[in-house]
Participant: 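Dumping the structure here so I can ask a few things about it.
On a predicted model such as this, the values are computed, not experimentally measured, just so you know. Numbers here simply count residues along the sequence, with the first being 1.
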Amino acid sequence: MRTLIIDTATKACSVALFDDGALLASCHEIIGRGHAERLLPLIAGLPDQGRAQMIMVNVGPGSFTGIRVGVAAARGLALAWKADIAGYGCLQLVAAMAAEQINQAQAIDVVMTGGHSEYFFQHFAADGLPDTDPVSVSPATLAPLLSAPIIAGDIPDAGRARHIDIIPDASKWYLIAKLPTFSPSPVYCRAPDATLPKARP
């Protein structure tokens, strides 16, 4: 079965196509912004234009806009292709990528850039499973939460543990392929930057 991976929750725009667990092709670009314009051309550049029976999408937490772009594209393609769809966690993939790099079982604190000068944080035990829910915290609130010997993510070196600079990459999805999936709905962990005005009575 072919599986298309869509990852737009961070400053990277990343896609990958797997066939029965084997990576067929992938593309990973650090673009900052512009996921809506870049995503579909990247998918079209995959074998068979990325067509798959299963679509996995990074549902966050991360960039509000990036998450919405990825989830909307995944839902649209799933409808057009009559494919199944599910989500995976941004911080979950970062933890798995870090564990692969250190090649040993250790607890990992994942810290990714959030909005409004905050960070997304989640602690993962040595078995790779999360010990906490993902949360959005201020720098001052983050410091007391850090306890693992490894910090993984896209923030500067925190100075209290070994730091591994990681951005999610769709080609690494196989590292979490056997873990429970998420609903293909955005996981924001904080209120949106803007809200629609309330209707007048």
Participant: Check the pair Leu145 / His123 against side chain to side chain contact (heavy atoms under 4.5 Å, CB included), numbers first and verdict last.
Facilitator: CA-CA 9 Å; Leu145 298 177; His123 177 82; over 6 Å; no
Participant: Do Gln101 and Ile166 come close enough that some side-chain heavy atom pair is under 4.5 Å?
Facilitator: yes
Participant: Output the distance between atom CZ (Phe121) and atom CG (Asp109), rounded to the nearest 0.5 Å.
Facilitator: 4.0 Å
Participant: Closest heavy-atom contact between Ala83 and Ala52?
Facilitator: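 The pair with the smallest heavy-atom distance is CB-O, 3.5 Å.
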Participant: Would you say the side chain of Ser26 lies within less than 4.5 Å of the side chain of Leu17, judging by non-hydrogen atoms?
Facilitator: no
Participant: Please check: side-chain N/O of Thr8 versus main-chain N/O of Val69, any donor-acceptor pairing under 3.5 Å?
Facilitator: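 No, the answer is negative, given that no donor and acceptor are paired below the 3.5 Å cut-off.
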Participant: Please report the shortest heavy-atom distance between Ile108 and Ala95, naming the atom on each side.
Facilitator: CD1-O, 3.6 Å
Participant: When you look at Asp154 and Val94, which way does the side chain to side chain contact (heavy atoms under 4.5 Å, CB included) test go after all the steps?
Facilitator: CA-CA 10 Å; Asp154 65 348; Val94 169; over 6 Å; no
Participant: Give me the atom names and distance for the closest heavy-atom approach of Ala12 to Ile167.
Facilitator: CB-CG2, 3.4 Å
Participant: Rounded to the nearest 0.5 Å, what separation is found between the CD1 atom of Ile6 and the CG atom of Leu42?
Facilitator: 10.5 Å
Participant: For the residue pair Ser138 / Glu118, report whether a side-chain donor-acceptor contact shorter than 3.5 Å exists.
Facilitator: no
Participant: Got a donor-acceptor contact below 3.5 angstrom from the Gln122 side chain to the Leu91 backbone?
Facilitator: no
Participant: Counting N and O atoms only, with roles assigned by atom type, does the side chain of Arg75 sit under 3.5 Å from a partner on the main chain of Pro184, one being a donor and the other an acceptor?
Facilitator: yes
Participant: To the closest 0.5 Å, what do you measure between NE2 (His35) and CD1 (Ile67)?
Facilitator: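 His35 atom NE2 to Ile67 atom CD1 measures 10.0 Å (nearest 0.5 Å).
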Participant: With a 4.5 Å heavy-atom cut-off, do Val135 and Thr141 have their side chains touching?
Facilitator: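 Side-chain contact under 4.5 Å: no.
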Participant: Any side-chain donor paired with an acceptor under 3.5 Å for Ser185 and Ser183?
Facilitator: yes
Participant: Taking all non-hydrogen atoms of both residues, which atom of Pro149 and which atom of Ala107 are closest, and how far apart?
Facilitator: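 Looking at all heavy atoms of both residues, the shortest contact is CD-O, 3.5 Å.
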Participant: So how far is it from His163 NE2 to Asp165 CG, rounded to the nearest 0.5 Å?
Facilitator: 5.5 Å
Participant: Taking the side chain from His28 and the backbone from Pro168, do they hold a donor-acceptor pair closer than 3.5 Å?
Facilitator: yes
Participant: Nearest 0.5 Å please: distance from the CZ atom of Phe120 over to the CD1 atom of Ile155.
Facilitator: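 Phe120 CZ to Ile155 CD1: 13.0 Å, rounded to 0.5 Å.
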Participant: Report the distance from atom SG of Cys90 to atom CG of Asp7, rounding to the nearest 0.5 Å.
Facilitator: 6.5 Å
Participant: I'd like to know if the side chain of Asn58 and the backbone of Gly60 have a donor-acceptor N/O pair within less than 3.5 Å.
Facilitator: yes
Participant: Would you say that Leu24 contacts Leu46 through its side chain, given a criterion of any heavy-atom pair below 4.5 Å between the two side chains?
Facilitator: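 A side-chain contact under 4.5 Å is absent here.
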Participant: Does Trp173 reach the side chain of Met56, with side-chain heavy atoms less than 4.5 Å apart?
Facilitator: yes
Participant: Determine, stepwise, if the pair Phe18 / Met1 fulfils side chain to side chain contact (heavy atoms under 4.5 Å, CB included).
Facilitator: CA-CA 8 Å; Phe18 288 82; Met1 181 178 71; over 6 Å; no
Participant: Report yes or no: do Phe64 and Ile31 belong to one cluster of Ile/Leu/Val/Met/Phe/Trp/Tyr joined by side chain heavy-atom distances under 4.5 Å?
Facilitator: no
Participant: My understanding is that only residues two or more places apart in sequence, or in another chain, count here; which of them pass side chain to side chain donor-acceptor pair (under 3.5 Å) with Arg51?
Facilitator: none
Participant: Side-chain contact test, heavy atoms from C-beta onward, threshold under 4.5 Å: evaluate it for Thr3 versus Gln53 and give yes or no.
Facilitator: no
Participant: Give a yes or no on this: more than 12 heavy atoms of other residues, nucleotides or ligands lie within 6.0 Å of atom CD of Gln49.
Facilitator: no
Participant: Before giving the answer on side chain to side chain contact (heavy atoms under 4.5 Å, CB included), spell out for Phe124 and Thr132 the whole-Å C-alpha distance, their side-chain angles and the decisive distance to 0.1 Å.
Facilitator: CA-CA 7 Å; Phe124 290 81; Thr132 65; over 6 Å; no
Participant: With the side chain counted from C-beta on, respond yes when Val111 and Leu142 share a heavy-atom pair under 4.5 Å apart, and no when they do not.
Facilitator: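 Result yes, sub-4.5 Å side-chain heavy-atom pair found.
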Participant: State, with a plain yes or no, whether a side-chain heavy atom of Ile55 is found less than 4.5 Å away from one of Trp81.
Facilitator: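 Ile55 vs Trp81: side chains touch.
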